[in-house]
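Structure first, then comments.
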Amino acid sequence: MILSMSGVVLLGIITFLFFKKDGLKASHALVCSLFGFYLAGTAIAPSITAGGASLAGLLGGIKF
């Protein structure tokens, strides 16, 4: 749950920055949000969640 909340916050910040700096229109952000919301209710949602968790584990395992 913490990972998904962190992802939501991170993606929200990125969307806000695109909105302010790169000219992302509010309608585009709304469409992207609705797409993500409806995509979460499809059969592919568990695969996307597993891929995100795998990517987070990969990035978390990088040692500098």
Side-chain angles (χ1 to χ4, degrees):
M1 181 67 164
I2 292 173
L3 179 62
S4 64
M5 288 303 295
S6 300
V8 168
V9 171
L10 177 64
L11 292 173
I13 290 171
I14 291 170
T15 303
F16 177 76
L17 291 175
F18 281 159
F19 181 69
K20 285 295 188 185
K21 299 290 182 190
D22 292 336
L24 178 71
K25 295 184 172 134
S27 61
H28 296 154
L30 179 64
V31 168
C32 290
S33 298
L34 288 173
F35 175 69
F37 177 77
Y38 287 116
L39 186 62
T42 63
I44 198 170
S47 298
I48 294 171
T49 303
S54 176
L55 180 62
L58 178 71
L59 293 177
I62 295 175
K63 305 238 191 274
F64 293 104

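Note that the numbering runs from 1 along the sequence shown for the chain.
Every residue two or more places apart in sequence or in another chain that forms a side chain to side chain contact (heavy atoms under 4.5 Å, CB included) with Leu30 is listed here: Leu34. Qualifying side chain to side chain contact (heavy atoms under 4.5 Å, CB included) partners for Ser47, counting only residues two or more places apart in sequence or in other chains: Ile44.
Shown here for Ala40 and Ala45, the closest heavy-atom pair between the two residues is O-CB, 3.2 Å.
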